[in-house]
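Report on the following structure.
Just so it is clear, the values below take in all heavy atoms, side chains as well, and ignore hydrogens, waters and symmetry mates. By convention in this document, chain letters (A, B, ...) are assigned in the order of the sequence lines, proteins followed by strands, and residues within each chain are numbered from 1.
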2 protein chains.
Amino acid sequence: MPDDSIAIVARPRVADVARLAGVSAATVSRILNGSEMFADATRIRVQEAARQLGFQPDPAARSLRRGQGDSIALLVGDIEQGVYAGLTRHMQAALEDMGLDLLVYDLAHQEARLRRFLERAPARRLRGIVLATTDTLPEDCIGLLRGLMAQQVKVIALRQRLDQHGIASVIQDEHSAAKLATAALLRKGRMPIAFLGRISGSLMGAERCEGYRDALREAGHAVDSALIWDASYRYRAGFTATAEALQRGLAFSAILAASDELALGAIAALQDAGRSVPGDVAVIGFGDADWAAYQRPSLTSLSEHPAELSGIVRGILEGKATGLLHEVKRHLVERQSG
Amino acid sequence: MPDDSIAIVARPRVADVARLAGVSAATVSRILNGSEMFADATRIRVQEAARQLGFQPDPAARSLRRGQGDSIALLVGDIEQGVYAGLTRHMQAALEDMGLDLLVYDLAHQEARLRRFLERAPARRLRGIVLATTDTLPEDCIGLLRGLMAQQVKVIALRQRLDQHGIASVIQDEHSAAKLATAALLRKGRMPIAFLGRISGSLMGAERCEGYRDALREAGHAVDSALIWDASYRYRAGFTATAEALQRGLAFSAILAASDELALGAIAALQDAGRSVPGDVAVIGFGDADWAAYQRPSLTSLSEHPAELSGIVRGILEGKATGLLHEVKRHLVERQSG
DNA sequence: TTGTAAGCGTTATCAA
DNA sequence: TTGATAACGCTTACAA
């Protein structure tokens with residue numbers, strides 16, 4: 001029979017370690033924080049005592065005294081979108097390496113949630129804030145971010161350019177990626193090509209749309225505004241926009257969708273209407289979701305680089321990466337759909 | 001030209017509020033923490049002063065003094081699985097209502113990551129830990145969890161039964177859900193039916209498999225172990241297991257998959273082999289992923305209840321829900337695939 | 001190279 | 001009903 005009683009064991013403090021090692025608390029603190037100027041004998045005695053007691057410094061006490069904590073807040077546009085979930089995973093791994101905690105905050109694409117977070121943020125002694133959303137920010141939120149920077153909080157924008165506001169930004173090259181995909185479709189003789197994605201309310205979306213337009217123009221084609229469908233992120237939006245276009249009798253032989261979710265919705269609408277993919281209509285998405293390869297037809301998509309983005313964020317937090325703007329290149333992952 | 005200078009404004013402390021209201025710091029603290037026994041005039045003066053200064057208590061100082069913080073850690077099996085992302089979103093909403101912070105920790109299905117977290121957890125002054133994974137836990141981790149409970153940390157298991165260890169558990173009825181789905185397939189004349197899912201290493205998987213077996217037995221069918229495919233969670237596993245089964249020439253007219261991801265992989269393998277879904281083979285998944293309705297064929301799946309689960313967790317944290325085991329019912333969401 | 005003591009901001013105890 | 005004071009655990013000036 002297992003022993004079900006649990007002793008409440010008081011956690012060791014610096015004082016306990018100090019007593020065991022026969023030194024003062026100050027010495028323990030200094031040695032455990034990596035101070036070099038100590039006799040080897042002392043250092044070893046302290047480290048051994050800490051190990052033996054299983055001492056772990058109390059983060060609350062430490063951050064109260066130091067005036068700064070050990071956590072980074074990651075604000076994501078929508079944790080249920082694969083892109084943000086992947087980013088969360090990679091950011092967590094990168095920060096863990098640095099000994100930092102990750103506080104994930106799901107914005108659910110709501111301005112009110114961002115504002116709420118930013119209002120409560122100053123009290124939290126955050127080391128940094130990584131804002132990962134493509135939604136355009138209201139002025140007051142940018143002001144709050146700058147206010148936090150003034151309190152020594154490192155602010156980094158991910159997937160959105162805020163460098164014009166003095167905020168370090170890490171982005172992927174949406175414009176050239178969209179151009180790349182559009183050109184690939186044109187090379188395969190696809191025309192007309194529709195653009196499906198969020199344009200208003202997302203700087204990134206607008207950039208993608210611009211890449212699409214530029215590719216068409218450079219190939220000598222006119223841009224037909226009836227083939228530019230402004231839709232939000234999720235499956236339903238892709239489905240609805242495509243279904244409506246079909247109902248209106250619009251002609252197109254390819255769709256460039258601004259996310260894999262939108263692309264999936266679009267493909268469903270096409271198939272429901274009896275159009276084959278990629279036979280009648282080719283479809284390309286953005287984000288290279290992990291399910292893209294297991295769709296039938298499998299989904300051609302523009303690559304996403306969460307590991308690289310996280311690495312750059314890490315560099316900025318460590319003070320190694322300089323400069324306000326960092327860009328990662330996307331490439332085309334070709335599969336069946338386009 | 002906008003003013004780019006940022007003033008470093010010191011955040012107000014209780015002392016500042018006290019000075020402005022003409023009372024002591026202790027009074028401010030008590031009133032702001034909801035103490036009733038004060039003259040209305042004082043209360044109003046203090047609240048007004050706090051509002052005016054935009055006072056927000058420092059969580060580090062507070063948790064140092066109180067011995068307990070305001071955050072809950074949510075440990076998820078894999079943040080990139082839709083089920084856990086959805087759970088994260090709902091948990092965050094529920095905890096926010098309670099004024100608690102959410103610390104998300106992605107286990108990536110690795111025991112080492114869980115152990116690492118649990119070892120560092122005691123120092124963090126967590127209010128609670130919600131462990132959301134179906135992976136079976138090693139003994140030492142359960143010991144660590146019980147040790148945390150002894151330190152007044154509320155521990156709640158989600159999607160896994162740990163009530164036999166005295167840990168409050170919130171689960172969905174996997175056994176009857178699997179039985180329900182299997183019975184539905186049988187009613188439609190589907191036989192033989194294969195089971196695809198993680199069995200070893202997941203108590204939940206084993207329960208689902210048992211539900212499948214029971215449904216077959218109750219209908220008077222023998223259980224063919226060659227049709228039980230032990231595979232992990234992701235798309236690839238579903239694809240591979242199904243492709244191998246087809247290659248071996250196994251006969252089956254339906255697959256009950258333990259997750260929507262596995263189901264998608266299975267459908268891809270079936271279609272690649274020229275089998276139609278649901279014509280030749282019906283497929284049912286678990287989790288009712290948001291993309292399930294936008295697949296073609298759209299995916300029949302067993303419902304998932306993140307909002308209800310989060311609500312129960314909230315109840316437990318608030319001390320309203322009693323009992324060690326809480327169960328939410330799943331139902332069958334019927335679509336094209338099965 | 002090491003120790004003493006002060007202080008981070010809050011809340012709880014005790015006294016009035 | 002309110003105030004003074006100590007204490008939470010740690011780090012860092014200042015002293016030695």
Side-chain angles (χ1 to χ4, degrees), chain A residues 9-47 49-50 53-71 99 120 122-127 151-152, chain B residues 9-47 49-50 53-71 99 120 122-127 151-152:
Chain A
V9 184
R11 298 186 40 71
R13 314 293 170 200
V14 265
D16 301 316
V17 179
R19 204 173 310 117
L20 183 59
V23 296
S24 76
T27 297
V28 171
S29 171
R30 284 188 276 235
I31 288 178
L32 262 31
N33 283 293
S35 174
E36 296 290 319
M37 47 189 102
F38 278 94
D40 280 356
T42 320
R43 196 201 324 284
I44 290 168
R45 213 149 19 97
V46 167
Q47 286 169 338
L53 296 175
F55 172 74
Q56 290 179 276
D58 182 323
R62 169 181 279 187
S63 72
L64 179 59
R65 171 65 228 220
R66 285 194 178 157
Q68 186 167 237
D70 292 313
S71 48
R120 299 193 190 312
R124 295 184 189 222
R125 300 175 180 273
L126 292 169
R127 188 76 70 81
Q151 314 285 339
Q152 314 304 319
Chain B
V9 185
R11 300 185 40 70
R13 314 292 170 203
V14 266
D16 301 315
V17 179
R19 204 173 309 118
L20 182 60
V23 296
S24 76
T27 298
V28 170
S29 171
R30 284 186 279 230
I31 288 178
L32 262 32
N33 283 292
S35 173
E36 296 290 321
M37 47 189 99
F38 278 93
D40 281 356
T42 319
R43 197 203 323 284
I44 290 168
R45 214 152 15 99
V46 167
Q47 286 169 340
L53 296 176
F55 171 76
Q56 291 179 276
D58 183 323
R62 169 179 279 188
S63 73
L64 179 60
R65 172 64 232 217
R66 285 194 177 159
Q68 183 165 237
D70 292 314
S71 47
R120 298 191 192 312
R124 294 183 189 223
R125 298 175 179 275
L126 293 169
R127 187 76 70 84
Q151 313 287 338
Q152 313 305 318

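The base of dT11(D) sits with one of its N or O atoms less than 3.5 Å from a complementary donor or acceptor on the side chain of R65(A).
Atom CZ in R62(A) sits about 18 Å away from atom C1' in dG9(C), given to the nearest Å. Taking atom CD1 of I44(A) as the reference point, atom P of dT2(C) lies 12 Å away to the nearest angstrom. If you measure from atom CG of L64(B) to atom P of dC8(C), you get 13 Å, rounded to the nearest angstrom. Computed from coordinates, the F55(B) CZ to dT10(C) P distance equals 4 Å when rounded to whole Å. If you take CG of D70(A) and C1' of dC10(D), they are 12 Å apart, rounded to a whole angstrom. What separates CZ of R43(B) from C1' of dT2(D) is a distance of 13 Å, to the nearest Å. Look at CZ on R13(A): it is 9 Å from P on dC8(D), rounded to the nearest Å. In this entry the distance linking CZ of R45(B) with C1' of dT1(D) reads 12 Å, nearest Å.
For R19(B) and D16(B), the salt-bridge test passes: some basic side-chain N is under 4.0 Å from an acidic carboxylate O.
Across all strands, R125(B) comes closer than 4.0 Å only to sugar-phosphate atoms, never to a base (heavy-atom distances). Looking at heavy-atom distances under 4.0 Å, S63(B) makes no contact with the nucleic acid at all.
R124(A) approaches P59(B) most closely through the heavy-atom pair CA-CG, 4.4 Å. Residues A49(A) and A21(A) share a closest heavy-atom pair of CB-CB, 4.0 Å.
Atom CG of D58(A) is separated from atom CZ of R65(A) by 14.5 Å, given to the nearest 0.5 angstrom. Interatomic distance, R30(B) CZ to T42(B) OG1, rounded to the nearest 0.5 Å: 11.5 Å.
Side-chain contact between P122(B) and Q151(B) is absent, with no heavy atoms from C-beta onward closer than 4.5 Å. Taking the side chain as every heavy atom from C-beta outward, V46(B) and R43(B) never approach each other to under 4.5 Å.
A donor-acceptor pair under 3.5 Å links the side-chain atoms of R127(A) to the main chain of G69(A), judged by distance alone.
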List, one per line, each side-chain donor-acceptor pair under 3.5 Å for residues 31-39 of chain A, sequence neighbours excluded.
unit_1: N33(A); atom_1: OD1; unit_2: R62(A); atom_2: NH2; d: 3.4
unit_1: N33(A); atom_1: OD1; unit_2: R66(A); atom_2: NH2; d: 2.9
unit_1: N33(A); atom_1: ND2; unit_2: S29(A); atom_2: O; d: 2.7

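With dC10(D), dG3(D), dT10(C) as the candidates, the nucleotide lying closest to the side chain of V23(B) is dG3(D).
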Next item on the list: Whenever both distances are under 3.5 Å in a Watson-Crick or G-U wobble pair, mark it; put DNA chain C into dot-bracket that way, with [ ] for crossing pairs and | when the partner is on another strand.
Entry: ||||||||||||||||
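Across residues 24-39 of chain B, A26(B), S29(B), R30(B), N33(B) each have a non-hydrogen atom less than 4.0 Å from an atom of DNA chain C (numbered order).
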